[in-house]
Amino acid sequence: MIKQILRDHIFQIVTALNLSHDREFIIETPTKDEFGDYSTNVALVLAKENKTSPVKLADMILKELKKSKHYKKVEIAGPGFINFFLSPTMYQNILWSIFEAQNEYGKSTYGNGEKILLEFVSANPTGPLNIVSARAAAFGDTLYRIMKHVGFDPAREFYINDAGNQVDILAESVELRLREIQGEKIGEFPYEAYHGEYVKHLAQKLNSVEGVRVFMLPEKDRMEHLKEFALSELLEMQRLSLEKFGVTFEGWVSEKTLRMEGVVEEVLSYLAEADCTYEKEDAIWFCSTKFGDDKDRVLMKSDGSITYFVPDLAYHLTKIQRGYSKLIDIFGPDHHGYVPRLKAAFKALNYDENMLEIIFLQQVNLFESGERVKMSKRAGKIVTMDDLVSVVGKDAARYFFIARKANAHLNFDLELAMKKNNENPVYYCQYAYARICSILKKAKKDKVLPKAFKEDMLAKLVKPEELNMMQKLAELPDLLVAIAEYREPHRLTNYLEELAAMFHRYYAKYQIVSEKSKDLTKARLLLIQIIKEVMFICFELMGVSAPEKM
RNA sequence: GCGCCAGUAGCUCAGCAGGAUAGAGCAGCAGCCUUCUAAGCUGCGGGUCAGGGGUUCGAAUCCCUUCUGGCGUGCCA
């Protein structure tokens with residue numbers, strides 16, 4: 001916001017001075033206060049192409065900048081940086097515009113309505129969602145919300161792997177448990193089967209509804225029946241877990257349905273037409289190595305069944321057909337090897353491979369009393385998303401998951417997430433919000449809260465802490481754009497923590513409702529009202545609640 | 001072996017897209033409630049940005065290389 005104003009101004013000057021300006025310059029907020037509120041490297045960057053020294057060039061630009069009233073001071077520093085010290089009036093104007101924007105603040109048309117498909121979670125419907133899925137859900141959903149806020153047209157999708165091997169094994173696992181319940185000796189439960197308790201629960205449920213009738217069906221029909229039953233149950237369970245987590249999807253796409261629509265054959269024929277398939281050892285292969293993959297991949301196995309890859313590729317093609325220009329897949333850490341073949345297929349079929357963007361989330365390690373919590377999927381010992389949410393709550397879980405950048409391992413400290421003090425960043429931020437609400441409430445009760453805020457009330461805000469907060473508040477729109485563009489939601493939690501810290505410090509140092517000056521009180525109440533609104537937007541974008549009382 | 005990701009304070013992590021003397025929180029030590037929520041605030045110490053080379057006015061950031069850790073490398077999904 002402010003950066004854009006400064007950028008435009010500099011650009012105007014550079015053009016007016018007839019300077020060559022091929023290279024990009026930046027506006028940044030310096031780490032040190034003495035370097036101003038903002039600074040630019042424009043003179044450093046453009047010196048060479050204008051055949052002059054950075055300091056001389058900075059001097060030329062500075063002369064023009066000084067003509068403006070927006071700046072309290074502009075100066076040259078170091079090797080040729082130009083530092084800006086903004087006037088309080090400029091900050092006050094911006095603050096007022098934030099107040100007027102209300103919940104619309106930070107919204108923009110940056111994304112130009114570009115249709116973006118975010119696919120995430122897409123877990124196998126063979127068990128409860130685990131914590132990596134939870135991370136994906138929090139990450140994908142927050143990214144969705146932020147992208148939408150800055151003018152993209154994103155959609156969330158969950159791809160259901162309801163066909164194929166894993167599902168067969170699921171059905172078999174349920175059948176075994178069912179036989180067990182009905183008193184049959186099944187011996188040792190097979191190694192590959194699903195060992196989780198939830199399989200027993202499924203079997204119990206089926207038993208209480210249908211009992212032995214299940215086994216009156218012929219084998220083939222019985223397996224279909226079991227599959228259908230288990231899938232719908234588990235899918236519903238997953239959907240509920242996500243809903244409790246505040247995550248919904250615009251679309252649930254079933255692999256089985258895709259297969260029935262004949263897309264598998266289509267994809268095979270496309271690849272064949274592009275002359276990218278061949279037969280070997282009774283299987284049909286895709287020569288993905290021609291397009292950068294490590295090895296060729298099987299499309300149709302020697303037993304005539306299809307690999308996971310084919311319907312998944314078909315699914316991706318439907319995304320393009322539905323008009324999405326960017327396909328973002330959010331994957332867990334165990335899918336690295338899968339990307340080259342997808343990209344290879346895009347190339348083979350003459351689609352721009354850059355349409356496909358993969359974000360990898362690294363694994364999540366749970367820690368309890370400094371000890372890593374061991375999980376084992378086969379033994380059925382996984383900490384599920386529901387477990388986590390019931391222990392630490394939705395707010396802490398969502399917050400912790402987006403607080404780290406995607407491609408870093410996430411050490412999830414369960415105790416920290418449950419703590420209710422300033423060590424826990426979620427509470428730290430929420431507490432700042434609740435404090436503001438409390439002050440506003442009290443001000444209203446004491447009849448010092450103005451009926452309507454007016455812009456000129458802000459003139460009283462000149463303390464450095466106040467100006468710094470205004471600057472921080474003004475950063476949000478640029479930040480949201482950067483988050484959407486670089487797919488880095490974690491920067492929002494950083495921002496919120498910084499803002500909360502600024503407020504807590506301010507609160508400790510200054511009295512907001514003061515008997516001495518009514519005008520100052522009004523100004524400060526307006527300021528915290530705006531902080532509240534901005535914090536609310538942040539919480540909303542993260543899917544974390546903003547409590548008015550704690 | 002090959003591929004992907006990571007390595008920043010004792011610990012957990014930021015570092016705004018190449019900028020000025022690298023920042024928080026926690027842990028440690030010392031303080032602050034008769035005052036709008038102490039679920040808070042203030043002060044002090046703490047670094048070979050894994051090592052080495054390169055690119056340039058300038059590198060934690062970009063390139064090369066070595067080391068360490070995690071993950072992947074199915075006719076599983």
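Just so we're clear, the structure is a prediction, and the values are computed from it rather than from any experiment.
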Please list residues of residues 424-440 of chain A whose heavy atoms come under 4.0 Å from any atom in RNA chain B, ordered by number; otherwise none.
A:Tyr427, A:Tyr428, A:Tyr431, A:Ala434, A:Arg435, A:Ser438, A:Ile439
Sort out the partner of B:G7 for me: Watson-Crick or G-U wobble, both distances under 3.5 Å, none otherwise.
B:C67
Suppose you measure atom C1' in B:G28 against the same atom in B:G45; what distance do you get, rounded to whole Å?
9 Å
Within a radius of less than 6.0 Å around NZ of A:Lys227, do more than 12 heavy atoms belonging to other residues, nucleotides or ligands occur?
yes
Which one is paired to B:A22, where only Watson-Crick or G-U wobble pairs with both distances under 3.5 angstrom count?
none
By ring-ring contact (aromatic ring centres under 6.0 Å, His included), which residues pair with A:Tyr105, not counting sequence neighbours?
none
Just the rounded figure in Å: distance from C1' of B:C16 to OH of A:Tyr495.
13 Å
Given atom CZ of A:Arg404 and atom C1' of B:G15, what is their separation to the nearest angstrom?
13 Å
Distance between C1' atoms of B:C11 and B:A27 (Å, rounded):
7 Å
Check whether any side-chain heavy atom of A:Arg505 sits under 4.5 Å from a side-chain heavy atom of A:Met469, and report yes or no.
no
Calculate the interatomic distance between A:Lys445 atom NZ and B:U37 atom C1'; express it in whole Å.
13 Å
Partners passing salt bridge (Lys or Arg N to Asp or Glu O under 4.0 Å) against A:Asp293 (at least two apart in sequence or in another chain):
A:Arg297
Name the closest nucleotide to the A:Lys549 side chain, picking from B:C16, B:C76, B:U37.
B:U37
Who passes ring-ring contact (aromatic ring centres under 6.0 Å, His included) against A:Phe158, sequence neighbours left out?
A:Phe249, A:Trp252
Taking atom C1' of B:A77 as reference, at what distance in whole Å does atom CG of A:Leu342 sit?
13 Å
With C1' as the reference atom in both, quote the distance from B:A20 to B:G58 in angstrom, rounded to an integer.
9 Å
Using the C1' atom in both, what is the distance from B:U12 to B:G74, to the nearest Å?
37 Å
Would you give me the side-chain donor-acceptor pairs under 3.5 Å for residues 22-29 of chain A, sequence neighbours excluded?
none

Conformer about C1'-N of B:C33 - syn within 90° of 0, anti elsewhere:
syn
How is A:Phe360 classified with respect to the nucleic acid when contacts are heavy atoms under 4.0 Å: base, sugar-phosphate, or nothing?
nothing
Test of understanding: with ring-ring contact (aromatic ring centres under 6.0 Å, His included), list the residues that count as partners of A:Tyr510, not counting sequence neighbours.
A:Tyr506
Taking the six-membered ring for Trp, are A:His336 and A:Phe331 ring centroids under 6.0 Å apart?
no
Could you identify which residues of residues 29-47 of chain A place a heavy atom less than 4.0 Å from some atom of RNA chain B, listed by residue number, or say none?
A:Thr29, A:Lys32, A:Glu34, A:Phe35, A:Ser39, A:Asn41, A:Leu44, A:Val45
Map A:Gln166 and A:Val513 onto RNA chain B by nearest heavy atom, then report which one ends up closer to the 5' terminus.
A:Val513
Considering only side-chain heavy atoms of A:Gln363, which listed nucleotide, B:A77, B:A27, B:C71, is closest?
B:C71
Between A:Ser302 and A:Ser514, whichever has its closest RNA chain B nucleotide further toward 5' is A:Ser514
Could you tell me whether A:Arg341 sits above the aromatic face of A:Phe286, with NZ or CZ closer than 6.0 angstrom to the six-membered ring centre and within 45 degrees of the axis?
no
Among the nucleotides B:A14, B:C5, B:A20, whichever has the atom closest to the side chain of A:Gln362 is B:C5
Show me the side-chain donor-acceptor pairs of residues 73-84 of chain A shorter than 3.5 Å, one per line, residues at least two apart or across chains.
| from | atom 1 | to | atom 2 | distance (Å) |
| --- | --- | --- | --- | --- |
| A:Asn83 | ND2 | A:Phe35 | O | 3.4 |

Would you classify A:Tyr159 as touching base, sugar-phosphate or nothing, given that sugar-phosphate means primed atoms plus P, OP1 and OP2, and contacts are heavy atoms under 4.0 Å?
nothing
Nucleotide nearest A:Lys442 when distance is taken to its side chain, options B:C36, B:A20, B:A27
B:C36
A:Ala77 has its side chain closest, among B:G74, B:C75, B:A20, to B:A20
Partner lookup for B:U55, please. Criteria are Watson-Crick or G-U wobble with both distances under 3.5 angstrom; report none if nothing qualifies.
none
Base, sugar-phosphate alone, or nothing: which one does A:Lys509 contact when heavy atoms must sit under 4.0 Å apart?
nothing
Mark yes when over 12 heavy atoms from residues, nucleotides or ligands other than A:Lys3 sit less than 6.0 Å from its NZ; otherwise mark no.
yes
Quick one: look up who B:C2 pairs with, Watson-Crick or G-U, both distances under 3.5 Å, and put none if it's unpaired.
B:G72
Would the A:His490 and A:Phe139 ring centres measure less than 6.0 Å apart?
no
Considering every strand and a 4.0 Å limit on heavy-atom distances, what is the contact class for A:Asn83: base, sugar-phosphate, or nothing?
base
Nucleotide forming a Watson-Crick or wobble pair with B:U34, both distances under 3.5 Å
none
Report the distance from atom CD of A:Glu28 to atom P of B:A14, rounded to the nearest whole Å.
20 Å
List in chain and number order the residues that pass side chain to side chain donor-acceptor pair (under 3.5 Å) with A:Thr52, two or more places apart in sequence or in another chain; answer none if no residue qualifies.
none
Restricting to ring-ring contact (aromatic ring centres under 6.0 Å, His included), what partner residues turn up for A:Tyr308, sequence neighbours left out?
A:Tyr338
Inspect the contact between A:Lys319 and A:Glu157 and indicate whether a charged nitrogen and a carboxylate oxygen are less than 4.0 angstrom apart.
no
Establish whether the base of B:C75 is bridged to the side chain of A:Thr307 by a donor-acceptor pair shorter than 3.5 Å.
no
According to the interplanar angle, ranging from 0 to 90°, do the rings of A:Tyr315 and A:Tyr159 count as parallel (below 30°), tilted (30 to 60°) or perpendicular (above 60°)?
parallel
Decide if atom CD of A:Glu34 counts as having more than 12 heavy atoms of other residues, nucleotides or ligands within a radius under 6.0 Å.
yes
Tell whether A:Glu488 reaches the base of B:A17 with its side chain through a donor-acceptor pair below 3.5 angstrom.
yes
Neighbour count >12 (heavy atoms, 6.0 Å) for atom NZ, A:Lys290
no
When we call it a touch if two heavy atoms are under 4.0 Å apart, what does A:Glu423 touch: a base, just sugar-phosphate, or nothing?
sugar-phosphate
Which base, if any, makes a Watson-Crick or G-U wobble pair with B:G28, both distances under 3.5 Å?
B:C44
Which value, in whole Å, describes the distance between the P atoms of nucleotides B:G18 and B:C76?
44 Å
Counting only side-chain heavy atoms from C-beta out, which of B:C75, B:U37, B:C36 sits nearest to A:Ala283?
B:C75
When rounded to whole Å, the CD1 to P distance for the pair A:Ile26 and B:C16 reads 10 Å
In whole Å, what is the span from the NE2 atom of A:His490 to the C1' atom of B:A17?
12 Å
Ordered by number, residues from residues 406-420 of chain A within less than 4.0 Å of RNA chain B (heavy atoms) are A:Asn407, A:His409, A:Asn411, A:Lys420
B:G23 to B:G15 separation - P atoms, rounded to the nearest Å:
15 Å
Write out a two-atom table: protein N or O, nucleotide N or O from nucleotides 28-32 of chain B, distance below 3.5 Å.
none

What is the distance, rounded to the nearest whole Å, between atom OH of A:Tyr308 and atom C1' of B:C75?
16 Å
